[in-house]
Amino acid sequence: MARAYGFVEYGGPETQQLFDTPVPSPGPGQLLVAVRAAGVNPADWKVRSGRRTGSVTVHFPAVLGREVAGVVEAAGPDTGFRPGDAVFGATAEGYGGYAEYTLVDARAAALVPESVPFEVAATLPVAAGTAFDIVEHLEIVDADTVLVLGAGGGVGSATTQLAHAAGAAVLGVASAGKRDLVESCGGMWIESGDGFDARVAATAERCGAVTAVVDLVGGDVLERAVALTRAPERVVSVADPARAEELGGSGITRRRTREVFEQVVALVERGVLTPRIERTFPLAEAGAALDLVESGHAGGKIVVTLP
């Protein structure tokens with residue numbers, strides 16, 4: 001048996017707890033990974049709350065977390081990995097990352113370079129992977145002015161870094177508490193809240209018209225942002241893809257492949273992408289880690305670590 005942290009029914013934080021779970025056996029295309037670090041994301045508490053029923057396989061008690069880094073203990077057939085390999089990737093369907101052991105899809109896993117700590121590698125599959133797919137989808141170039149709504153979150157900060165690295169001007173909309181984070185990622189900070197669109201328009205007069213929009217907020221914020229660009233077809237929304245499509249834009253297709261993760265971790269090695277880790281928590285305090293993310297006040301990535 002192995003220790004894990006998750007939830008026993010849909011609901012709030014009161015449904016979360018530590019429990020023992022059987023160590024799984026890898027099937028074809030799967031890796032049994034001894035977890036060293038697990039990324040904590042807003043999707044975790046949304047799954048626990050029941051807001052994502054039908055989109056994620058849940059068997060109670062359900063282990064939280066969808067991205068990990070660790071060491072391969074055993075490999076099923078046709079994986080391309082061996083026991084002892086340091087890997088990071090997305091957990092297999094129905095398995096979670098806040099655990100001593102989990103299953104990882106070999107197709108959605110890559111080797112961890114020696115220069116990249118496990119805590120950093122564990123933050124890459126969800127937020128950095130999504131940002132990479134967004135920048136590739138929009139084909140960001142140095143002539144672009146990219147508006148990022150929700151630039152202070154994990155996906156937003158990674159998108160800001162990657163778009164900035166491509167040479168684009170990046171306008172990052174975020175709360176005042178996340179100004180330093182946005183600016184450290186290469187973005188021009190614009191305060192969120194009422195009147196943000198007027199502030200974006202004033203800034204765009206200095207750096208160029210908005211040519212692409214990355215939405216991580218949705219709702220009225222997305223609608224106001226679309227009015228700021230003459231290219232609605234270059235509006236991508238993670239938060240509200242259906243509304244983005246109605247407005248002429250689109251959602252984003254996550255690839256979650258070994259090839260994408262290899263490119264993402266190579267950017268980390270080269271210093272092009274630097275995940276901002278605000279705090280790490282041991283597995284026994286995973287509840288506090290998720291509480292911090294659910295509060296919306298985290299100024300960087302939150303990671304659960306295991307010895």
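Note that this is a predicted model, so its numbers are computed, not measured.
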Peer 1: Could you grab the distance from atom CD of Gln161 to atom CG of Leu273, nearest 0.5 Å is fine?
Peer 2: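 Atom-to-atom, Gln161:CD and Leu273:CG are 5.0 Å apart.
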Peer 1: Would you confirm whether Gln16, through its side chain, and Phe7, through its main-chain N or O, come within 3.5 Å as a donor-acceptor pair?
Peer 2: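 Checking the backbone N and O of Phe7 against the side chain of Gln16, no donor-acceptor pair under 3.5 Å is found.
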Peer 1: Would you say the side-chain atoms of Glu93 pair up with the backbone N or O of Thr57, donor to acceptor, closer than 3.5 Å?
Peer 2: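 Side chain of Glu93 to backbone of Thr57, a donor-acceptor pair under 3.5 Å: yes, one is there.
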Peer 1: Is there a side-chain contact between Ser25 and Leu32, using heavy atoms and a 4.5 Å cut-off?
Peer 2: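 SC-SC contact between Ser25 and Leu32 ruled out.
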Peer 1: CD/Glu119 to OG1/Thr305 distance, rounded to the nearest 0.5 angstrom?
Peer 2: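 The CD atom of Glu119 sits 7.0 Å away from the OG1 atom of Thr305.
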Peer 1: Does Asp44 pair with Arg66 as a salt bridge, N-O distance under 4.0 Å?
Peer 2: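 A salt bridge is absent here (no side-chain N lies under 4.0 Å from a carboxylate O).
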Peer 1: Of all residues at least two apart in sequence or in a different chain, which pass the salt bridge (charged side-chain N to carboxylate O under 4.0 Å, His left out) check with Lys178?
Peer 2: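 Lys178 satisfies salt bridge (charged side-chain N to carboxylate O under 4.0 Å, His left out) with no residue once adjacent residues are dropped.
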Peer 1: Could you verify whether a donor N or O on one side chain and an acceptor N or O on the other, from Lys46 and Asn41, lie under 3.5 Å apart?
Peer 2: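 On atom types as modelled, these side chains do not qualify, holding no pair under 3.5 Å.
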Peer 1: Would you say Val116 ends up clustered with Val104 if hydrophobic residues are merged whenever their side chains have heavy atoms under 4.5 Å apart, either directly or through other cluster members?
Peer 2: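 Shared cluster, no.
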Peer 1: Please examine the side chains of Leu162 and Leu267, heavy atoms only from C-beta on, and report whether any two atoms are closer than 4.5 Å.
Peer 2: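 In contact.
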Peer 1: Should Arg36 and Leu306 be marked as a side chain to side chain contact (heavy atoms under 4.5 Å, CB included) after you check the CA-CA gap, both sets of side-chain angles, and the distance that decides it?
Peer 2: CA-CA 5 Å; Arg36 295 291 181 267; Leu306 295 94; 5.8 Å; no
Peer 1: Main chain of Glu9, side chain of Thr15: is a donor-acceptor contact present, judged purely on distance under 3.5 Å?
Peer 2: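 At least one qualifying donor-acceptor pair exists.
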Peer 1: For residues 121-130, dump all side-chain donor-acceptor pairs below 3.5 Å to protein atoms at least two apart in sequence or in another chain.
Peer 2:
unit_1 : atom_1 : unit_2 : atom_2 : d
Thr123 : OG1    : Val120 : O      : 2.7
Thr130 : OG1    : Val126 : O      : 2.6
Thr130 : OG1    : Arg254 : NH1    : 2.8

Peer 1: Are Val268 and Ile277 linked, directly or through intermediate hydrophobic residues, by side-chain heavy-atom contacts shorter than 4.5 Å (ILVMFWY only)?
Peer 2: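 Looking at the clustering, Val268 is in the same group as Ile277.
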Peer 1: Is there a side-chain contact between Val63 and Tyr95, using heavy atoms and a 4.5 Å cut-off?
Peer 2: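 Contact flag for Val63/Tyr95 side chains = no.
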Peer 1: Sort and list the pairs that fulfil salt bridge (charged side-chain N to carboxylate O under 4.0 Å, His left out) and have at least one residue in residues 224-247, not counting sequence neighbours.
Peer 2: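 Checked against salt bridge (charged side-chain N to carboxylate O under 4.0 Å, His left out) - neighbours excluded - the pairs reaching residues 224-247 are Asp144-Arg234, Asp197-Arg224, Asp220-Arg224, Glu223-Arg243, Arg243-Glu246.
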Peer 1: Is the closest side-chain heavy-atom distance between Val214 and Leu147 below 4.5 Å?
Peer 2: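 No, their side chains stay 4.5 Å or more apart.
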Peer 1: Can you tell me if Thr102 uses its side chain to pair, donor with acceptor, with the backbone of Gly96 under 3.5 Å?
Peer 2: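 A pair under 3.5 Å: yes.
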Peer 1: Work out which heavy atom in Leu171 is nearest to a heavy atom in Thr203; give both atom names and the distance.
Peer 2: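 Heavy atoms of Leu171 and Thr203 come nearest at CD2-CG2, 3.7 Å.
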Peer 1: Between Thr211 (side chain) and Thr145 (backbone), is there a donor-acceptor pair under 3.5 Å?
Peer 2: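 Looks like yes, one N/O pair under 3.5 Å.
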Peer 1: Going by salt bridge (charged side-chain N to carboxylate O under 4.0 Å, His left out), name the residues that satisfy it together with Glu294, two or more places apart in sequence or in a different chain.
Peer 2: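 Glu294: salt bridge (charged side-chain N to carboxylate O under 4.0 Å, His left out) contacts with Arg48.
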Peer 1: Would you find more than 12 non-hydrogen atoms of other residues, nucleotides or ligands less than 6.0 Å from Glu14 atom CD?
Peer 2: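 Atom CD in Glu14 is crowded, with more than 12 foreign heavy atoms closer than 6.0 Å.
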Peer 1: Could you see if Phe118 belongs to whatever hydrophobic cluster contains Val35? Use Ile, Leu, Val, Met, Phe, Trp, Tyr and a side-chain cutoff under 4.5 Å.
Peer 2: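 Result: no, two separate clusters.
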Peer 1: Within the 4.5 Å heavy-atom criterion, are Glu278 and Ile302 side-chain neighbours or not?
Peer 2: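 When only atoms from C-beta onward are counted, Ile302 and Glu278 do touch, with a gap below 4.5 Å.
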Peer 1: From Leu283 CG over to Tyr98 OH, what is the distance, rounded to the nearest 0.5 angstrom?
Peer 2: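 It is 10.0 Å, given to the nearest 0.5 Å.
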Peer 1: Surrounding CG of Asp194 (heavy atoms of other residues, nucleotides or ligands, distance under 6.0 Å), is the total greater than 12?
Peer 2: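 No - once you tally the heavy atoms of other residues, nucleotides and ligands closer than 6.0 Å, there are 12 at most.
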Peer 1: Got a sec, which residues hit side chain to side chain contact (heavy atoms under 4.5 Å, CB included) with His164, two or more places apart in sequence or on another chain?
Peer 2: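 So His164 forms a side chain to side chain contact (heavy atoms under 4.5 Å, CB included) with Val170.
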Peer 1: Residues two or more places apart in sequence or in another chain: which of them pass side chain to side chain contact (heavy atoms under 4.5 Å, CB included) with Val221?
Peer 2: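 Checked Val221 against side chain to side chain contact (heavy atoms under 4.5 Å, CB included); matches are Leu149, Phe196, Val217.
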Peer 1: Just to verify, what does Asp142 make a side chain to side chain contact (heavy atoms under 4.5 Å, CB included) with, not counting sequence neighbours?
Peer 2: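 Once residues adjacent in sequence are excluded, Asp142 has no partner under the side chain to side chain contact (heavy atoms under 4.5 Å, CB included) criterion.
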Peer 1: Are the side chains of Pro42 and Val293 in touch, meaning some heavy atoms are under 4.5 Å apart?
Peer 2: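 They are in contact (side-chain heavy atoms under 4.5 Å apart), so the answer is yes.
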Peer 1: Anything under 3.5 Å between a donor and an acceptor, one on a side chain of residues 183-190, the other on a protein residue two or more places apart or in another chain? List them.
Peer 2:
unit_1 : atom_1 : unit_2 : atom_2 : d
Glu183 : OE2    : Arg179 : NE     : 3.0
Ser184 : OG     : Asp180 : O      : 3.3
Ser184 : OG     : Leu181 : O      : 2.8
Ser184 : OG     : Arg276 : NH2    : 3.4
Trp189 : NE1    : Ala174 : O      : 3.0
Trp189 : NE1    : Ser175 : O      : 3.3

Peer 1: Under 4.5 Å between side-chain heavy atoms, counting indirect links through other Ile/Leu/Val/Met/Phe/Trp/Tyr residues: same cluster for Val58 and Trp45 or not?
Peer 2: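 In one cluster: yes.
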Peer 1: At what distance, to the nearest 0.5 angstrom, does OG1 of Thr91 lie from CG of Leu103?
Peer 2: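 Rounded to the nearest 0.5 Å, the OG1-CG separation comes to 9.0 Å.
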Peer 1: Spell out, yes or no, whether Val135 and Val141 are grouped together once hydrophobic residues are joined by side-chain heavy atoms under 4.5 Å, including indirect joins.
Peer 2: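 The answer is no; the residues belong to distinct hydrophobic clusters.
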Peer 1: Mind checking whether Glu262 and Val260 have side chains closer than 4.5 Å, heavy atoms only?
Peer 2: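 In short, these two side chains do not touch, never coming nearer than 4.5 Å.
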Peer 1: Yes or no on side chain to side chain contact (heavy atoms under 4.5 Å, CB included) for Phe19 and Tyr5, after CA distance, side-chain angles and deciding distance?
Peer 2: CA-CA 6 Å; Phe19 50 81; Tyr5 189 88; over 6 Å; no
Peer 1: With Ser295, which residues qualify under side chain to side chain contact (heavy atoms under 4.5 Å, CB included), at least two apart?
Peer 2: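 Residues passing side chain to side chain contact (heavy atoms under 4.5 Å, CB included) with Ser295: Leu292, His297.
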Peer 1: Taking ring pair (Phe, Tyr, Trp, His ring centres under 6.0 Å) as the definition, give me every residue that meets it alongside Phe261, ordered by chain and number, with sequence neighbours left out.
Peer 2: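 For Phe261 the ring pair (Phe, Tyr, Trp, His ring centres under 6.0 Å) partners, ignoring immediate neighbours, are Phe88.
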Peer 1: Can you list the residues that meet the salt bridge (charged side-chain N to carboxylate O under 4.0 Å, His left out) rule with Arg279, with sequence neighbours excluded?
Peer 2: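 If we apply the salt bridge (charged side-chain N to carboxylate O under 4.0 Å, His left out) test to Arg279, skipping adjacent residues, there are no hits.
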Peer 1: If you round to the nearest 0.5 Å, how far is OG1 of Thr280 from NZ of Lys301?
Peer 2: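 Answer for the NZ-OG1 pair, Lys301 versus Thr280, is 13.5 Å.
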Peer 1: Would Thr253 and Asp133 count as a side chain to side chain contact (heavy atoms under 4.5 Å, CB included) here? Give the steps.
Peer 2: CA-CA 7 Å; Thr253 299; Asp133 286 336; over 6 Å; no
Peer 1: Checking side chain to side chain contact (heavy atoms under 4.5 Å, CB included) between Leu228 and each of Val235, Val213, Val200, which is the one that passes?
Peer 2: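 In the set Val235, Val213, Val200, the residue that makes a side chain to side chain contact (heavy atoms under 4.5 Å, CB included) with Leu228 is Val200.
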Peer 1: Rounded to the nearest 0.5 Å, how far does CG of Asp105 lie from CZ of Arg107?
Peer 2: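 Between Arg107 CZ and Asp105 CG, I get 5.5 Å after rounding to 0.5 Å.
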Peer 1: Under the criterion side chain to side chain contact (heavy atoms under 4.5 Å, CB included), I'd like the reasoning laid out for Val173 against Val148: C-alpha separation, chi angles, the key distance, then a yes or no.
Peer 2: CA-CA 6 Å; Val173 178; Val148 180; over 6 Å; no
Peer 1: Identify all side-chain donor-acceptor contacts of residues 68-79 below 3.5 Å with residues at least two apart in sequence or on another chain.
Peer 2:
unit_1 : atom_1 : unit_2 : atom_2 : d
Thr79  : OG1    : Phe81  : N      : 3.2
Thr79  : OG1    : Phe81  : O      : 3.4

